[in-house]
Amino acid sequence: MSLDFTIDDKYAWVLLAGVSVGWLTLWQGINVSRYRKAAKIVYPQLYAEKSEAAASTDAYKFNCAQRAHQNTLETVPQALFLLAVAGLKQPIAAASLCGLWVVARVLYTLEYSAGGPAKRYRGAVLGHVGHLGLLGLATYTAGRLVLVTLNCI
C-alpha cells in the first residue's frame, strides 16, 4: 500500500527555513574563528585548556563561542528532520517555529559568547519553544499519517 499526498506550495517556506539553518551554522563557525584568533588557540585544538581559559578572557570567550556552536550542531539534525516532517501538513507553522529556533540560536550564541554560560538562558528558552513546537507538530503530522495508513481516518 502506498501513501499518496500532495505537498503544499507553501512548503517553499519550509525549504527557506531549512536553508536558514545552514546560514546560522556558517555564521557561528565564523564567530568561533574570530574568537579563536583573538585567543590564539591554534588548530587542531578544539577548546582552550582549562588553565588557558582561567588565565585569559579571550580563551574563555573562545570556549563559550565554540560550545554555543557545538550545541547547535548537536541539535541541527533533529531540528531539520522535525521541520521536514511538520512542514508536510503545517508548512507555515513549521517554518515559523524553525525561524524562531534560528533567531533564538543567534541570541544564544551572542549571549553565551559574550557573557558565558550564565548569560545564555534567553536564547535557550526561546530555542526550546521553537524546538518543542516542531516536535509537537511533527508528532501530530506523523501520527495522522500513521492513522491514514491504518484506515482509521
Side-chain angles (χ1 to χ4, degrees), residues 1-39 41 43-48 60-153:
M1 175 169 155
S2 66
L3 181 64
D4 297 322
F5 58 92
T6 303
I7 294 177
D8 192 304
D9 62 348
K10 292 179 183 79
Y11 199 80
W13 292 104
V14 171
L15 299 176
L16 185 62
V19 168
S20 75
V21 173
W23 286 108
L24 166 68
T25 59
L26 175 67
W27 170 76
Q28 285 181 320
I30 292 167
N31 188 54
V32 168
S33 295
R34 187 170 55 89
Y35 280 100
R36 177 183 291 278
K37 184 176 181 180
I41 305 295
Y43 285 105
Q45 191 171 340
L46 190 57
Y47 287 96
Y60 178 76
K61 287 182 176 183
F62 164 70
N63 279 0
C64 292
Q66 180 75 314
R67 185 64 200 123
H69 186 212
Q70 201 65 34
N71 181 262
T72 299
L73 294 175
E74 292 164 3
T75 58
V76 162
Q78 187 181 88
L80 288 175
F81 178 75
L82 295 173
L83 170 66
V85 172
L88 291 173
K89 294 294 183 184
Q90 301 288 332
I92 298 299
S96 298
L97 287 165
C98 182
L100 173 63
W101 183 79
V102 168
V103 168
R105 295 312 300 182
V106 169
L107 181 60
Y108 178 89
T109 301
L110 291 171
E111 291 176 334
Y112 201 164
S113 299
K119 301 290 185 183
R120 70 183 193 253
Y121 291 104
R122 285 188 307 173
V125 169
L126 283 174
H128 288 312
V129 170
H131 194 97
L132 289 171
L134 284 171
L135 180 60
L137 275 180
T139 300
Y140 174 79
T141 300
R144 295 280 298 178
L145 290 173
V146 167
L147 291 175
V148 167
T149 63
L150 296 173
N151 293 318
C152 294
I153 55 172

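By convention here, the first residue in the shown sequence is residue 1.
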Below 4.5 Å, heavy atoms only, C-beta onward: do [X] and [Y] meet side chain to side chain?
X: Val32; Y: Gln70; answer: no
X: His69; Y: Leu73; answer: yes
X: Gln66; Y: Tyr35; answer: no
X: Asn71; Y: Tyr108; answer: yes
X: Arg122; Y: Glu111; answer: yes

Does [Y] offer a backbone N or O that forms a donor-acceptor pair with the side chain of [X] under 3.5 Å?
X: Thr141; Y: Ala138; answer: no
X: Tyr11; Y: Ala84; answer: yes
X: Arg36; Y: Ile41; answer: yes
X: Asn63; Y: Tyr47; answer: no

Which atom of [X] lies closest to which atom of [Y], heavy atoms considered:
X: Ala79; Y: Leu134; answer: O-CD1, 4.1 Å
X: Leu46; Y: Phe62; answer: O-CZ, 3.5 Å
X: Leu135; Y: Thr139; answer: O-OG1, 2.7 Å
X: Gly130; Y: Leu100; answer: N-CD2, 3.9 Å
X: Gly116; Y: Cys64; answer: CA-SG, 3.6 Å
X: Thr72; Y: Gln28; answer: OG1-NE2, 2.9 Å

### Task
Decide side-chain contact (heavy atoms from CB on, under 4.5 Å) for Trp101 and Thr75; before the verdict, give the C-alpha distance in whole Å, the side-chain angles of both, and the deciding distance to 0.1 Å.
CA-CA 11 Å; Trp101 183 79; Thr75 58; 3.3 Å; yes
### Task
Determine, stepwise, if the pair Trp13 / Asp8 fulfils side-chain contact (heavy atoms from CB on, under 4.5 Å).
CA-CA 10 Å; Trp13 292 104; Asp8 192 304; over 6 Å; no
### Query
Between Val103 and Leu126, does a side-chain contact (heavy atoms from CB on, under 4.5 Å) hold up when you go through it step by step?
CA-CA 8 Å; Val103 168; Leu126 283 174; 6.0 Å; no
#### Entry: Atom OH of Tyr140 with >12 non-hydrogen neighbours under 6.0 angstrom
no
### Residue Trp23 excluded, over 12 heavy atoms near CH2 under 6.0 Å
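At most 12 heavy atoms, drawn from other residues, nucleotides or ligands, come within 6.0 Å of this atom.
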Look up atom [atom1] in [X] and atom [atom2] in [Y], then write down how far apart they are to the nearest 0.5 Å.
X: Leu82; Y: Cys98; atom1: CG; atom2: SG; result: 10.0 Å
X: Thr25; Y: Ile30; atom1: OG1; atom2: CD1; result: 10.0 Å
X: Arg67; Y: Glu74; atom1: CZ; atom2: CD; result: 4.5 Å

### Task
Go through Asn31 and Ser113 one step at a time and tell me if the side chain to side chain donor-acceptor pair (under 3.5 Å) criterion holds.
CA-CA 9 Å; Asn31 188 54; Ser113 299; 3.2 Å; yes
